[in-house]
Amino acid sequence: MGSTRDRGIRIAIDRGGTFTDCVGNSGSGKMKDDVIIKLLSEDPSNYDDAPLEGIRRLLSKLTGEEVPRGEPLDTSKIESIRMGTTVATNALLERKGERIAMVVTKGFKDCLEIGNQSRPKIFDLAIRKPEVLYEKVIEINERVTLEDYAEDPERHVSKTDDSSAEEGLVCGLSSEAVRILKRPSKDTIKSQLQGLYDDGFRSLAVCLVHGYTFPDHEALVGQVAHEIGFEHVSLSHELMPMIKLVPRATSACADAYLTPAIKKYIAGFQAGFEGGLGTETVKKEGGAKGARCEFMQSDGGLVDVDLFSGLRAILSGPAGGVVGYALTSYDANTKTPLIGFDMGGTSTDVSRYGSGRYEHVFETTTAGVTIQSPQLDINTVAAGGGSRLFFRNGLFVVGPESAGAHPGPACYRKGGPLTVTDANLYLGRLLSEFFPKIFGKTEDQGLDKEASENLFRELTDDINKEVARDNKDKEMSPDEVAYGFIKIANETMTRPIRSLTEAKGHDTSQHRLATFGGAGGQHAVAIAESLGIKQILVHRYSSVLSAYGMALADVVDESQVPDSKTWSDKGDVVDELRKTMNDLKEKSTAKLRDQGFSDDSIVFEEYLNMRYRGTESALMIVRPSEEEAKKDFKGDDWAFGKAFVKQHEQEFGFTLLDRDIIVDDVRARGIGKSFEGLDKTVDMQLKEIKPKDLGEGKRHGISKVYFEGGRQETPIYKLEDLDVGDKVQGPAILADGTQTIVVTPGATALIIETHIVINIGKEEGQRKNINAKEVDPIMLSIFAHRFMAIAEQMGSALQKTSVSTNVKERLDYSCALFDSTGGLVANAPHLPVHLGSMSTCVTTQAEIWRGKLKPGDVIVSNHPEFGGTHLPDITVVTPAFNGEDIIFYVASRAHHADIGGILPGSMPPHSRELFQEGAAIKSEKLVSEGHFNEKRITELLYDEPAQYPECSGTRCLADNLNDLKAQIAANQKGINLIGALIEDYGEEIVQFYMRNIQDNAELSVRNLLKDVSRRFEGRDLSAIDYMDDGSPIKLKITIDAEKGEAIFDFAGTGPEVYGNTNAPQAVTYSAIIYCLRSLIEDNIPLNQGCLKPINVKIPPKSFLSPSDKAAVVGGNVLTSQRVTDVILRAFAACAASQGDCNNLTFGFGGNLSTSAEATKGFGYYETIAGGSGAGPTWDGTSGVHTHMTNTRITDAEVFERRYPVILREFSLRSDSAGLGQHRGGEGVIRDIEFRIPVQVSILSERRVYHPYGIKGGEDAACGINYWVRHVQKGGRGEDKEEWEDRWINLGGKNTAAMGIGERIVVCTPGGGGWGGLGRRVKP
């Protein structure tokens, strides 16, 4: 516990969910003098507060005098107490915080309920969104907006600093021009807040639109609230002055909800000390002197007890662990980065530490609450040792369900289910004698291995009945089954670790794995092997590393202000930014001095939050160190611009050299150093050490432990019996009372002073013989993970390297892997409407180019006749070769914001012919043997569409080209990954499991169809619904119960329409595969196998099988939703959801065929949420995207910063839901005012035919679209011009040239109700 000061007892505590870990030191700072105590966090029969009890026990041990329980503790001998606590996290998880109300701008009362409008799990018909934290919300009648907009082609900048500035125009904190549209009334605010106070509210969250840059109105609300007597007021601009209304409002709510709970806990904790705690108690003159007390924040820094707040406390405990491994395992000289692997009983957390700095993120989601605050980048990737084990549909499945702390694993003697912990215990990888004896009725028994064994035998019998049937040779042993689950658990954890690391541009194999937490040591070697990591570091204190990290951590003061300057390497901009930074540093220095730090122990990390103009992917750029400046930036340590370009290239794989760099925020992180560093780093110790092989003398015992291939005689060593320099050859188990480390065959463990260092040798035992004749269910499960991981990593690469908002922010894309014929193997769960349709495209392209493709070729297509859905969705297909043969394909599909046509956004509501919708690409080589054909793709996107009457080419060619290159890069990522898979297993095995994973999905669908047939007693299923133009979609489903097959017959569906709601056949296949997957409760692989038992009959010349020149833009986004509603109605699965995507586009400009030259402009596209349908056991959800789409909405503040709009309202639409025993969800109201003339288009459905209720439930309200138009009052001949606003119904599909101040108001449909009203009435 190295430190700069050497005065008194230092105590560090991590209060976790199950255990409270305490580390105490007499003041020497030496590790040998540390005292460690572990006690239960809850033990009411013995003590009220675990940290207080821990401190009492530590003081007794360190002073040699027994401190009586219940008396106030003497602080005179304590120099400092440092704590991490789960109080905030638990309050959030259990929703047991303070009763709060939220104050928000008029029109946004439901902004947190709608959130970003996406649903958490795309296949859950019963959509579950996290509950909001507030109990009541009030709207303040105030409004400001930003005067200028980022997409302005003229780059106009309004002046606010001279006499010519307009009234009502002020300069915001971010230097942006802010227009005050409506000032609030103080009296009205007072009346509203008094009403809340009278209702018993004492904690308030305040977040007003653009409060991050113009905080005056928030400050007024805060002032009035304090005058009334509110005990806690969280103002969003004080907590985190960053753009984005929803995360900032959620953060304000989280702070208001959690801080009072933390303050109550701290008050009770402080009462247990004689002299009090905190900086102020240390300074006081008379009476008993207090002790310093600091709490760990989510950002890895400590803060004085009096300044600790709920918002910064959410990752308090896990942050200590990151600090612990970072400071004990990283060497600043060798600079080897670390991946932190913290596997506990209920969660597995992963983080990374490199470059000698913590990696922070500023928007994270914990317990369903999105927080905007600096937090260490810690990701929960699995449920830990408590992850439950299942055999479902022929696959081994681990989690995500957890046994939790109660009942816990089967071996906890509480009748719990099988878990990862049980598998480790049964296989001998976890030793009962080294586990605390706290189980059984008397809480003094050890783990129950017999309970684990019995359940594994039962499960093995069930698996053999399904897999082996009567073939004894195919039967598995309980050992093999348990070990299979361990392998799947490792695969489940490895997938996100690799994705998270590589998403930031880092290679996992170049890291060390720092493992800690109770279960980490049992899985570390396998995880490292899978990631290609060669060395694992396990700290001696790995089981109490979070507490130890707090002992080593620094005190931190964070401050940040918004900005909006365009970066320039020289001149006034740098001077102004330096001045802002210095102002922040001065304030931080004063605060740290006040906490007792001298100037020479205060250091700073300086950051600018930067992004390219027109993008929202900001990067927090740290000021280059002196060494970095010399090496990369010619000695310029303020080269933020160059550092941004370098980091952007590393993280996203490209740069935009022709674009301005915008500075969004200036941030200073003041650090009061209290940790000098280790005497010797791991690398120093490894250089000096002389390893010696261990003889049998130090063995504690021998156990039969299962490794790949069977059980092996494995020596067991007690960690305390091993000396520095001892080298243990695997297989072996090292254990003490708090941790068990499995050293696999081929690996070695070296004992050094501070760590156990495990070096990876050859893989664990000999790999099991895998053949391409018999399906091994374990390997099938592993390949299911591997194939899906490839599609997921392709998606991460596409999002990372793309430029457009559509892909990067709205996530309107999909990536997938296909076999050599174009059959779908794995589709990451991106957008449902792409699920089955991409396979049609790839199959078609594979046939067209058969025998003509070479390595390095890439195909591009978007034509509906060739497997496309609608033209903005461009598909990029890349073949993968083995020699001259194509062995598989990868493809990515992304929605491009504009590809030309008659209107900006390429989603025209009145298109009649395909050419009006933009560029139509049947089949072209985008890349020829590695050469990007920019000339040809430019002709296709820009020149050719403009040849048609009243049509333009794409209005954002640069974004199209960049996103296409991102799609190519994503495909290449997929090819590289499957190449690595073939290298590992061989092509024959990979192809064999590609086919069998499709067979597995087919089996799941056959079982579903058999079950449905039983439920409907063999009857045919049928349903009909209508598009708003009256076109019927008719379906009859005939199921062969014996075979588990079905005919989906759409006979009776309406003919092709002279409009754009025609849907290519691929869209219907997507709807079918989505519905089937949604009806299967288990998580099955998504692939072509789902459709094998289905015979789809679509009548030719119907609008579900249109001709090649028919307009189709609405088919993908409207008709697809109605097809889904019809299928689900036939299955009687749920009431109709909104049945719509509410596609809104606006913009101006283009290279029209009628115009001599192109007009610079912009195009914007969004889809808008509605209500979801109710089901037999659930209410519908309000303000959410349903079924075939799941794209996000642009945040209100970002929307107004980028475009010339004012979002007047975005709220839930009351009375739009269908009533019933289970009520449907409400639609939304989205009211947008335009500040310049633009062409506005709406493409929507369910404006005539209501979303149906089912089983007696009521229909939901239809949607309606209004144009609030300025029209002249009165008749002709009147001298005086008077204008009025007139509400004009636009209908479902229309376009209008809207003027300044005019609005579009989109009211979206609700979801239908389920069941007669009966017990439920309208609230």
Side-chain angles (χ1 to χ4, degrees), residues 498-499 502-503 505 652-654 786-804 806-808 811-828 830-831 834-835 837-846 848-849 852-862 866-868 873-882 885-896 921 923-934 937 960-982 990 994 1087:
R498 188 180 281 113
S499 295
E502 295 186 359
F652 300 130
F654 67 95
R786 294 285 174 94
F787 293 143
M788 187 59 86
I790 290 168
E792 286 172 351
Q793 286 191 64
M794 286 174 66
S796 297
L798 177 53
Q799 186 191 2
K800 190 177 85 167
T801 55
S802 64
V803 170
S804 70
N806 263 352
V807 178
K808 217 170 194 63
L811 309 184
D812 198 343
Y813 66 83
S814 284
C815 295
L817 169 67
F818 305 84
D819 63 27
S820 57
T821 65
L824 179 64
V825 174
N827 197 128
H830 294 135
L831 277 195
H834 296 160
L835 284 176
S837 57
M838 269 211 285
S839 180
T840 311
C841 176
V842 176
T843 305
T844 306
Q845 298 303 322
I848 290 170
W849 291 93
K852 301 174 193 170
L853 294 175
K854 296 177 180 175
D857 287 350
V858 180
I859 308 304
V860 63
S861 176
N862 69 342
F866 289 71
D873 282 348
I874 300 180
T875 306
V876 173
V877 183
T878 307
F881 288 82
N882 186 8
D885 299 326
I886 293 174
I887 52 173
F888 63 90
Y889 291 90
V890 289
S892 53
R893 176 172 284 176
H895 185 110
H896 288 244
I921 305 165
S923 185
E924 295 274 347
K925 273 192 186 180
L926 181 61
V927 180
S928 298
E929 295 183 62
H931 173 70
F932 182 68
N933 297 327
E934 188 164 335
I937 195 66
N960 295 135
L961 295 177
N962 280 316
D963 280 357
L964 285 169
K965 287 175 183 175
Q967 288 178 258
I968 293 165
N971 286 6
Q972 190 57 47
K973 178 78 172 176
I975 284 174
N976 294 345
L977 289 169
I978 201 130
L981 200 57
I982 287 170
V990 172
M994 267 191 182
N1087 59 47

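These numbers come from a predicted model, not from an experiment.
- Note: I790 CD1 to F888 CZ = 7.5 Å, rounded to the nearest 0.5 Å.
- Counting all heavy atoms, side chain and backbone alike, S820 lies closest to I886 at CB-O, 3.6 Å.
- Remark: the N971 side chain and the Q967 side chain contain no N/O donor-acceptor pair separated by less than 3.5 Å.
- Atom-to-atom distance recorded for Q845:CD and T878:OG1 is 11.5 Å, nearest 0.5 angstrom.
- Here the closest heavy-atom approach between residue V927 and residue G856 is recorded as CG1-O, 3.2 Å.
- The nearest pair of heavy atoms linking I921 to N862 is N-OD1, 2.5 Å.
- Annotation: the span from L981 atom CG to L817 atom CG amounts to 9.5 Å, rounded to 0.5 Å.
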message: Show, in sequence, the C-alpha distance, side-chain angles and deciding distance for S928 and N933, and conclude whether the side chain to side chain donor-acceptor pair (under 3.5 Å) test is met.
response: CA-CA 7 Å; S928 298; N933 297 327; 3.1 Å; yes
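- In this structure, V807 and Q799 approach most closely via the heavy-atom pair O-CG, 4.1 Å.
- Residues L824 and A816 approach most closely at CD1-CB, 3.7 Å, considering heavy atoms.
- With rounding to the nearest 0.5 angstrom, the OG atom of S892 is 10.5 Å from the OH atom of Y813.
- Here D873 does not pair with R893 in a salt bridge; the nearest charged N to carboxylate O distance is not below 4.0 Å.
- A pairwise comparison of heavy atoms in T875 and V877 identifies CG2-CG2, 3.9 Å as the closest pair.
- Here CG of D819 is found 7.5 Å from OG of S839. Values are rounded to the nearest 0.5 Å.
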